[in-house]
Amino acid sequence: MAARGPGRVSVLLPTYNERDNLPLVVWLLARTFSDSGIDFEIIIVDDGSPDGTQEVAQQLEKIYGSDKILLRPRAKKLGLGTAYIHGMKYATGDFIVIMDADLSHHPKFIPEFIRKQKEGNFDIVSGTRYKGNGGVYGWDLKRKLISRGANFLTQVLLRPGASDLTGSFRLYRKEVLEKLMEKCVSKGYVFQMEMIVRARQLGFTVGEVPISFVDRVYGESKLGGNEIVSFLKGLLTLFATT
Amino acid sequence: GSAWAALALAPPGLQPPAPLRQALLPLPVYLLVAFGCYSLATVGYRLATFNDCEEAAAELQEHIRAARADLRRRGLGLGAQ
């Protein structure tokens with residue numbers, strides 16, 4: 001294994017049918033890290049995508065090197081939480097970044113996460129769409145309303161001390177993520193919420209960086225009516241158990 | 001909550017004076033309505049001030065163009081888009 005630089009960042013990218021977006025996000029990540037001199041590796045956890053995502057990932061591995069691009073696929077769609085657990089096993093960095101692979105999260109914010117982490121020695125740095133000059137692009141009024149409404153509910157019920165609970169663009173210290181993954185059991189959006197809530201319970205510190213969320217460029221979004229119902233159920237469960 | 005129940009719903013022997021009870025009984029409803037108004041106002045305000053990241057979207061499009069060109073150069077077989 002190659003010697004690792006101090007403060008190496010491991011990026012976990014769970015993918016499903018991201019043949020078009022994957023090369024773009026990897027290119028942006030590689031560019032961002034080399035521009036800012038941050039040592040990195042990208043761990044791609046693909047759940048048996050039928051659209052050729054893994055073939056593209058293999059080409060990327062040839063281009064960037066297998067010390068930078070780690071393919072750790074799984075046979076079928078097994079969910080986000082387990083994808084993180086699986087990918088984390090191979091992470092050699094001090095920090096782990098989780099993000100969406102569909103270009104809604106721009107890698108340019110990662111150096112800002114790192115800067116923020118150093119500033120307050122935070123255990124977690126969470127990208128927030130709701131504070132500062134954070135925001136979204138490509139959402140209609142209905143989507144924005146659902147987002148703000150859901151977030152309001154989580155603030156009232158959970159009082160989490162973080163403004164964007166359902167966001168999934170975050171940097172974790174590796175030991176912190178490992179600890180949290182042991183404890184979190186929810187799925188989907190609630191999983192992201194549970195991570196922050198449990199983190200606060202365990203006394204971990206959370207810093208925030210405003211980010212812009214640009215709604216996905218290619219492919220199909222995975223948000224539907226079912227998600228909303230399970231969000232509400234999960235929120236109430238968290239409220240009752242924390 | 002329990003303080004309210006104790007004062008407002010107390011049996012006749014233990015009731016606080018009438019004016020106090022009259023004010024106390026509808027309190028939960030008032031609080032609920034007040035909270036409802038607060039919620040609507042807060043969510044409405046946050047909805048109205050939700051930032052739209054136009055420049056971020058434009059910048060992303062540029063980055064995508066640069067990425068595709070560079071990746072093609074480096075030998076990635078990109079599909080038709």
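Below, chain A is the first sequence line, B the second, and so on; all start at residue 1. In this text, all values refer to a predicted model and were calculated from it rather than measured experimentally.
- The distance between the ring centers of A/Phe213 and A/Phe169 does not fall below 6.0 angstrom.
- If you measure heavy-atom distances from A/Val26 to chain B, you find no contacts under 4.5 Å at all.
- For a residue to count as touching a neighbouring chain, one of its non-hydrogen atoms must lie under 4.5 Å from one of that chain's; by this rule A/Lys108 touches chain B with the side chain only.
- Only the side chain of B/Phe35 has a heavy atom closer than 4.5 Å to any heavy atom of chain A.
- Taken from CD in A/Glu61 to CG in A/Asp67, the straight-line distance is 9.5 Å, to the nearest 0.5 Å.
- Of the charged side-chain nitrogens involved, none lies within less than 4.0 Å of a carboxylate oxygen, so that A/Lys77 and A/Asp47 do not count as a salt-bridged pair.
- Salt-bridge formation is detected for the pair B/Asp52/A/Lys144: a Lys NZ or Arg NE/NH1/NH2 atom is positioned less than 4.0 Å from an Asp or Glu carboxylate oxygen.
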Check your understanding: Going through the checks in order, is the salt bridge (charged side-chain N to carboxylate O under 4.0 Å, His left out) test met by A/Glu119 and A/Lys116?
Key -> CA-CA 5 Å; A/Glu119 188 185 289; A/Lys116 184 75 187 182; 3.3 Å; yes
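- Proximity to chain A (any heavy atom under 4.5 Å) is restricted, for B/Glu59, to the side chain, taken from C-beta onward.
- In this structure, the portions of A/Leu145 lying under 4.5 Å from any heavy atom of chain B include both its backbone and its side chain.
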